[in-house]
Amino acid sequence: MPEFAPQILRFDSLPSTNTEAAQRATAGAAEGLCIVAAEQSAGRGRLQRQWVSTKDAGLYFSIILRPRLEPSAWPLLTLTAAVAVHDALREACALETDIKWPNDILVNEKKLSGILAETVETPLGRAVVVGIGINLTDRSFPAELEPVATSVEAATGRPPDLEVVLEALVKSLGKRYVALQDLNGPDEIVREWCARSSYAQGKHVRVSEASESFVGTTRGLEPDGALRVETDHRGIRSELRIVRAGDVASVRADRTA
Ligand code: BTN
């Protein structure tokens with residue numbers, strides 16, 4: 001496999017680093033191109049949500065990848081990114097985080113970082129743009145985010161150096177992405193994700209899918225990264241459901257929020 005050589009392009013302001021990266025992927029940019037902006041005017045999250053992207057309050061980052069993976073393994077890219085963010089925050093900020101399925105990075109059940117992976121059809125084949133937002137400080141959070149979001153500064157008591165976080169992130173992403181494409185890479189990333197997530201096993205969660213929601217207990221991941229949830233039905237454990245899309249919330253966090 002050719003060497004993975006990230007290159008970073010920086011901007012003062014962009015609508016969205018994911019949009020910029022997708023345009024460049026369509027124009028033929030090589031994998032490993034990273035886009036970083038000091039602020040985003042139209043930062044996007046999962047499920048059509050907005051990602052608040054105040055100037056210098058967070059790391060707003062996207063990377064173009066052109067994976068050589070079986071289609072069934074593509075969902076593992078977001079889990080790979082979550083493992084990389086977890087490890088980068090440990091290395092750069094000595095911060096221990098949790099991962100909520102599939103790829104929210106939490107501290108004390110509050111969100112500190114989110115990941116948005118978007119596929120793009122390009123003349124060089126299908127690419128994926130992995131966008132990562134990390135809240136570095138919460139000083140300018142809008143009031144509605146305060147109960148549900150946190151930042152590196154709030155969690156560690158120190159404002160982090162963006163460049164130190166960025167360097168650790170690019171390094172850990174590159175390492176995990178290369179490893180994912182090895183022979184046993186998919187199994188390994190599932191193992192590494194489970195080792196870092198309290199949501200992998202035995203967590204009581206509410207799963208919200210497009211048309212229904214249900215409550216159950218997590219029972220690990222499928223080989224493609226889908227979440228296994230054993231449903232509670234009037235106190236009796238019933239079927240094992242495989243969750244591939246939707247939102248997962250800790251039931252205990254629901255009650256205290
Ligand atoms: C989520 O948890 O909903 C995903 C949030 C992803 C936010 C990042 S910030 C950098 C990149 N550009 C975007 O517009 N979104 C992602």
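Keep in mind it's a predicted model, so treat the numbers as computed, not measured. Counting convention: from 1, in listed order, for ligands and their atoms alike.
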Between [X] and [Y] (salt bridge meaning N to carboxylate O under 4.0 Å), is one present in this structure?
X    : Y    : answer
K110 : E146 : no
R158 : E153 : no
R46  : E118 : no
E209 : R241 : yes
E167 : K171 : no
D224 : R244 : yes

[atom] - nearest protein heavy atom and its distance:
atom                    : value
atom 8 (C) of ligand 1  : G133 N, 3.6 Å
atom 12 (N) of ligand 1 : Q40 OE1, 2.9 Å
atom 5 (C) of ligand 1  : W51 CE3, 3.4 Å
atom 2 (O) of ligand 1  : K111 NZ, 2.5 Å
atom 3 (O) of ligand 1  : R46 N, 2.6 Å

Item to complete: State whether the number of non-hydrogen atoms from other residues, nucleotides or ligands found under 6.0 Å of L183 atom CG is greater than 12.
Response: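 Atom CG in L183 is not crowded, with 12 or fewer foreign heavy atoms closer than 6.0 Å.
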I need the contact type for [X] against ligand 1. Using non-hydrogen atoms and a strict under-4.0 Å cut-off, is it side chain, backbone, both or neither?
X    : answer
L47  : neither
I132 : backbone
S62  : side chain

I need the atoms of ligand 1 closer than 4.0 Å to a non-hydrogen atom of [X], numbered in the order shown.
X    : answer
S16  : 12 (N), 13 (C), 14 (O)
G43  : 14 (O)
D104 : 2 (O)
G45  : 1 (C), 3 (O), 4 (C), 5 (C)
F61  : 10 (C), 11 (C)

Discussion item. Quick check with a 6.0 Å cut-off and a 45 degree axis cone: is R206 positioned over the face of F214's six-membered ring?
Written reply: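 No, R206 and F214 do not form such a contact.
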Item to complete: Return the set of residues passing side chain to side chain donor-acceptor pair (under 3.5 Å) with Q50 (not counting sequence neighbours), or none when no residue passes.
Response: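 Scan of Q50 (side chain to side chain donor-acceptor pair (under 3.5 Å), adjacent residues dropped) gives none.
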Discussion item. Would T17 count as a polar contact of ligand 1, with the cut-off being nitrogen or oxygen pairs under 3.5 Å?
Written reply: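 Between T17 and ligand 1, an N or O pair is found under 3.5 Å apart.
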Worksheet item: Below 3.5 angstrom, do we get any N/O pair linking R44 and ligand 1?
Response: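 R44 vs ligand 1: N/O contact under 3.5 Å present.
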Discussion item. Going by the rule side chain to side chain contact (heavy atoms under 4.5 Å, CB included), which residues pair with V120 if we only count those two or more places apart in sequence or in a different chain?
Written reply: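 Once residues adjacent in sequence are excluded, the partners of V120 under the side chain to side chain contact (heavy atoms under 4.5 Å, CB included) criterion are A22, T26, T122, V129.
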Discussion item. Would R49 count as a contact residue for ligand 1, given that I'm defining contact as a non-hydrogen atom of the residue lying under 4.0 Å from a ligand atom?
Written reply: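 In this structure, R49 fails to qualify as a contact of ligand 1 - no heavy atom is under 4.0 Å.
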